[in-house]
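Everything numeric in this text was worked out from a predicted model, so none of it was measured.
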Amino acid sequence: MRAEPDVSSRRIAVLGEFLPDYRRRVVLALDVVTDAEGGATWYRVSLPGRPNGRTGWVAAPSVSLTPVRREIVVHRKARILELRDRGRLLLRTRVAVGAPKMETPLGTFYVTGAFTPADPFLGVYAFATSGYAPLSDWPGGGVVGIHGTSMPWLLGRAVSHGCIRVANRAMLVLKRYVRPGTPVRVLR
């Protein structure tokens with residue numbers, strides 16, 4: 001990853017093709033440029049980790065792209081999650097978000113992985129995102145998760161440590177449509 005779309009630019013990160021658990025690494029491409037001579041194409045990608053919002057440039061031959069049609073949009077103040085496919089609403093549901101001083105961070109993130117939790121507190125299914133909260137109960141700490149809940153009466157409230165809690169029934173809908181790389185926009 002480079003600071004600018006140029007091979008001589010400062011290297012800011014090295015991301016391997018695979019994660020430590022051998023899953024393929026997925027990143028979200030945010031922008032594309034081709035140099036003035038019309039030769040090299042570069043993608044600006046979102047870098048997972050702290051601080052949120054970091055980006056870097058990667059040369060096109062280093063990555064393979066998969067178009068993304070769907071996105072998750074979270075309206076933090078309204079405590080609503082929407083799943084959209086090319087702008088068309090597929091799901092709208094109430095969620096619980098981070099409590100005061102542990103707010104779910106605002107910004108554009110993406111789904112980095114998914115799993116069926118062993119802990120019933122996390123509900124029937126869960127997504128890890130590239131976003132980080134100041135505090136999180138998420139395995140590994142700090143990662144903003146989107147997960148089901150064993151306490152549906154808390155939906156519509158700001159009660160989590162930064163994760164986004166979803167009704168289990170809605171989480172099963174998300175499981176069907178969301179894949180790693182799906183953008184997650186958290187708005188005010």
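- A donor-acceptor pair is defined here as one N or O able to donate and one able to accept, closer than 3.5 Å; such a pair exists between the side chain of Asn168 and the backbone of Thr149.
- Put simply, Leu30 and Val68 are part of two different groups of oily side chains (I, L, V, M, F, W, Y) that touch within less than 4.5 Å, one to the next.
- A continuous path of ILVMFWY side-chain contacts below 4.5 Å connects Val178 to Val173, so both sit in one hydrophobic cluster.
- Between the side chain of Arg11 and the main chain of Val7, no donor-acceptor pair closer than 3.5 Å is present.
- Residues in residues 15-28 take part in these side-chain hydrogen bond (donor to acceptor under 3.5 Å, both in side chains) pairs, two or more places apart or across chains: Glu17-Arg24, Asp21-Arg23.
- Closest of all the heavy-atom pairs between Pro120 and Ala118 is CD-O, 3.4 Å.
- The line from CZ of Arg76 to CG of Leu81 is 14.5 Å long, rounded to the nearest 0.5 Å.
- Across all non-hydrogen atoms, the minimal contact from Pro183 to Arg70 is CD-O, 3.3 Å.
- In this structure, His75 and Glu82 have side chains that are in contact, with non-hydrogen atoms separated by less than 4.5 Å.
- The list of side-chain hydrogen bond (donor to acceptor under 3.5 Å, both in side chains) pairs with a residue in residues 95-120, not counting sequence neighbours, is empty.
- Shortest non-hydrogen contact noted between Arg54 and Pro48 is NH2-O, 3.3 Å.
- Note that CG of Leu90 and OH of Tyr177 are 6.0 Å apart. Values are rounded to the nearest 0.5 Å.
- The closest donor-acceptor contact from the side chain of Arg188 to the backbone of Ala78 lies at 3.5 Å or more, if one exists at all.
- Side-chain contact between Cys163 and His147: present, with at least one pair of heavy atoms (C-beta onward) separated by less than 4.5 Å.
- Once rounded to the nearest 0.5 Å, the distance linking CG of Leu91 with CG of Leu172 reads 11.0 Å.
- For Asp6, the side-chain contact (heavy atoms from CB on, under 4.5 Å) test picks out Ser8, Ser9, with sequence neighbours left out.
- Shortest non-hydrogen contact noted between Trp57 and Ala3 is CD1-O, 3.4 Å.
- Arg165 places no side-chain N or O within donor-acceptor distance of the main-chain N or O of Leu154, the cut-off being under 3.5 Å.
- By the side-chain contact (heavy atoms from CB on, under 4.5 Å) test, Arg94 is found to be paired with Ile80, Leu155, residues two or more places apart in sequence or in another chain being considered.
- Take Arg185 and apply the salt bridge (Lys or Arg N to Asp or Glu O under 4.0 Å) test, not counting sequence neighbours, and it matches Glu71.
- In this structure, Val124 and Lys175 have side chains that are not in contact, with every pair of non-hydrogen atoms separated by 4.5 Å or more.
- Listed for the Thr129 side chain is a donor-acceptor partner under 3.5 Å among the backbone atoms of Val144.
- Ala126 and Pro117 make their closest contact through CB-CG, 4.0 Å (heavy atoms, listed as atom of the first residue, atom of the second, distance).
- Under the 4.5 Å side-chain criterion, counting only non-hydrogen atoms from C-beta, Phe127 is in contact with Met171.
- Counting heavy atoms from C-beta outward, Ile72 and Ile164 have side chains that stay 4.5 Å or more apart.
- Partners of Met1 by side-chain contact (heavy atoms from CB on, under 4.5 Å), not counting sequence neighbours, listed by chain and number: Ile12, Ala13, Leu15, Val45, Leu47, Val58.
- Tyr132 places a side-chain heavy atom less than 4.5 Å from the side chain of Val143.
- You'll find the side chain of Leu174 stays beyond 4.5 Å of the side chain of Tyr125, heavy atoms only.
- Summarising the geometry of Gly131 relative to Phe109, their closest heavy-atom pair is CA-CD2, 3.3 Å, with the distance given to 0.1 Å.
- Side-chain contact between Ser130 and Leu28 is absent, with no heavy atoms from C-beta onward closer than 4.5 Å.
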